[in-house]
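Following: one structure in structure tokens, then a few remarks.
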There are 2 protein chains.
Amino acid sequence: MSNPSSPRAVTRADVARYAGVSTSVVSYVVHDGPRPVASATAARVRDAIRVLGYRPNASAQALRTGSSKMLGFVVPELDNPFWSEVADAVGHAAGARGYDVLMSSSHGDAALERDRMRSVSARQVDGLIVASVMTRPDLSTLVDPGLPMVLLNTFFEVPEFASTGVDALRGAHEGTTHLVSHGYRSIGLVIGHAGSDMDLREQGWQNALRDGGVQDGPIVRTDFSRAGGYAAGLRMFGAPNRPRAVFVSSDMQAVGVLRALYELGLSVPSDVAIVSFDGTAEADFTNPQLSTVRQPVAAMAAAAVDRVLSQEADGQWHRDLVPAELVLGASCGCDVRR
Amino acid sequence: MSNPSSPRAVTRADVARYAGVSTSVVSYVVHDGPRPVASATAARVRDAIRVLGYRPNASAQALRTGSSKMLGFVVPELDNPFWSEVADAVGHAAGARGYDVLMSSSHGDAALERDRMRSVSARQVDGLIVASVMTRPDLSTLVDPGLPMVLLNTFFEVPEFASTGVDALRGAHEGTTHLVSHGYRSIGLVIGHAGSDMDLREQGWQNALRDGGVQDGPIVRTDFSRAGGYAAGLRMFGAPNRPRAVFVSSDMQAVGVLRALYELGLSVPSDVAIVSFDGTAEADFTNPQLSTVRQPVAAMAAAAVDRVLSQEADGQWHRDLVPAELVLGASCGCDVRR
DNA sequence: CTGAAAGCGCTTACAG
DNA sequence: CTGAAAGCGCTTACAG
């Protein structure tokens, strides 16, 4: 497919010829081993590399060594701010360790996710990081035996698979407890669709209410999107017995709730107080600024990369649980500048 | 680096052995050519492939054929909503044509961008799509001769390089003219830092004012970010002679301007009307919804992918100019629902 | 219709 | 310290 008239790329043989050495020596210089090279010879080789603009052919290296120095990252949607922050963080963490990242979007579809995992793994990636769209990933058929794999941002421990995720139970508890501490006695929940198990964010909300001696507020289940939050907001706050506050399971949904409240003519936080979950950059710039339970995206990504690069495929598995942190804006009713 | 105890991946030789044919025949079946295979034989091979779970080693294929079926995409920042929408679109467009995408962030740094381009190109990508951080990319030293390359989202024609970009002059003109048509006679500009040339969005704003018989409004130059827009907003609207309306060069900046106006106690659109540029999903959900000049991101990405895949490295170059479209929200003062 | 063989560009054990 | 050679897994021209 590449242009037939294009000049052939510079190979190790060209460098060897130019420097008057064997091809082995070129490799020894490039990798600084495994055999020693006389410094004068090495200097000649380095010169040739510079002059000719030689860079090793990564495909040949991958074929020969069995390692591509690439990681695969399968993500639900790259155009969702939360996921794009995660993708950026994965790219940073991988880059810091000398790895490039092959990113692939599953568009939130389980079948496509499986497809992308297989296709990425055929590219000889050294590891696979998957933000699965499945709540409890059915991964028995997915895994390429011997390919290190880590699930990123799972809210549950997934037996037999390495996984990294936030402590959502604790985070949701903290966010909801904050609303309780403001004195609100009626606190609703807008929550994304989970699988058969109860979402830990819902569990955390419920626990916090009970711990605070507050009755369960209304629940609206919806998509994890701005549009989903908007629909949920109209439903929850268009009703006569609207709650005084709400905990929302993602920033994107909270942005939709804000729009709904705006249209309904309700003010935040004086009519309705909000705490959401994620801590994206977008939440820092809503009006008013969202109080939100921040997922430590950079730490999660780094943990996932480290885990996948150090993984033993010997049946051991680990769960890296990272802590969430409540970041106060003005939407909860706190007396902050914004 | 891969696990030493991991089972060796299935190769073509395993399939051949299992099916009782030569390795050549396996390839013929996989690719449906170039030599014919008896249907009974082909069926046996397909069976073996299925049973063993064989997938061709992409590194070996890339080495042998010179084509990796991968495209490289170098992007300033993956966690910026506009760029993540572009990245998603590039992924879609490439996937539809059978290509995976190696994404790499330059973090807005020209030196790093060069570095990423070189590293991606060493991976035998079949083409390189670059959203350059340079206003007028100095690419003479960057290009890998023979590697098809396309610049994405350049606002200028870049001689000697294939490029794809939006018709920003026309788009900015249309957005500003819309403000003029609302009757506003004082229309400022918040514009990102460009290079030495005048940004076409600034030019379009200026042309529209002059065409409409309106005096030039104040200009504030700032970063292409929410924080940049916020600072610009405080400066432009905290002053006594604030303009009645403003054209903002990106949605992210407009989000920052909205925050500044919120803090200043000014209402949109009754005190200040806004039209911005980009048309990201985030702009659809600000309060009020931003009126914005939408870049057709999917079309741009598709054009860039098509161009890079069809490129002749024969010295010809093209510019694909895609049209922008004004999407009306409520921030301009239009009487729409939101 | 089928198969043996060359060669893509590397790394590295081995011999000198 | 240096180099000739094997082999990673493929594709495809060539021979049968």
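First the proteins, then the strands, lettered A, B, ... as listed; each starts at 1.
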Query raised in the report: CZ of B:R35 versus P of D:dA13: gap in Å, rounded?
Result: 8 Å

Query raised in the report: Between atom CZ in A:R123 and atom P in D:dG9, what is the gap in whole Å?
Result: 18 Å

Requested in this report: Run through A:V150, A:V308, A:D100, A:V90 and flag the one making a side-chain contact (heavy atoms from CB on, under 4.5 Å) with A:L71.
Outcome: A:V308

Report task. For C:dA4, give its Watson-Crick or G-U wobble partner with both distances under 3.5 Å, or none. Result -> none

Query raised in the report: Charged N to carboxylate O below 4.0 Å: is that the case for A:D115 and A:R118?
Result: no

Query raised in the report: Taking atom types as they are modelled, is there a donor-acceptor pair under 3.5 Å from the base of C:dA4 to the side chain of B:T23?
Result: no

Query raised in the report: Please give, in whole Å, the distance from C:dC10 P to B:Q124 CD?
Result: 8 Å

Query raised in the report: Using the C1' atom in both, what is the distance from C:dT12 to C:dG16, to the nearest Å?
Result: 16 Å

Report summary line: Given the options A:S121, A:S105, A:S106, A:S104, A:R116 meets side-chain hydrogen bond (donor to acceptor under 3.5 Å, both in side chains) only with A:S104

**Report entry** Side-chain-base donor-acceptor pair under 3.5 Å for A:Y54 and C:dG9
**Finding:** no

Query raised in the report: Between B:A60 and B:S24, which has a closest nucleotide on DNA chain C that is more 5'?
Result: B:S24

Query - Protein-nucleotide distance (A:L63, atom CG; D:dC8, atom P), rounded to Å - result: 9 Å

Requested in this report: Report yes if some heavy atom in the side chain of A:S68 is under 4.5 Å from a heavy atom in the side chain of A:R123; otherwise report no.
Outcome: no

Query - Out of C:dA13, C:dT2, C:dG9, whichever nucleotide has its closest atom nearest the side chain of A:T11 - result: C:dG9

Query raised in the report: Rounding to a whole Å, what distance do you find between B:Y28:OH and D:dC14:P?
Result: 12 Å

Query raised in the report: Taking only N and O in the side chain of B:T41, is any of them less than 4.0 Å away from OP1 or OP2 of C:dT2?
Result: yes

Query - Nearest-0.5 Å distance that lies between atom CZ in A:R55 and atom OG1 in A:T11 - result: 13.0 Å

Query - Atom P, compared across C:dG9 and C:dA13: separation rounded to whole Å - result: 23 Å

**Report entry** Length of the CD-C1' vector between A:Q61 and D:dG7, whole Å
**Finding:** 16 Å

Report task. Tell me what A:P56 touches on the nucleic acid: a base, only sugar-phosphate, or nothing, going by heavy atoms under 4.0 Å. Result -> sugar-phosphate

Query - Protein-nucleotide distance (A:D32, atom CG; C:dT12, atom P), rounded to Å - result: 13 Å

Query raised in the report: Under 4.0 Å: is that the gap between some side-chain N or O of B:R12 and OP1 or OP2 of D:dG9?
Result: no

**Report entry** Watson-Crick/G-U partner (both atom distances under 3.5 Å) of D:dA13
**Finding:** none

Report task. Calculate the interatomic distance between A:R17 atom CZ and D:dT2 atom P; express it in whole Å. Result -> 19 Å

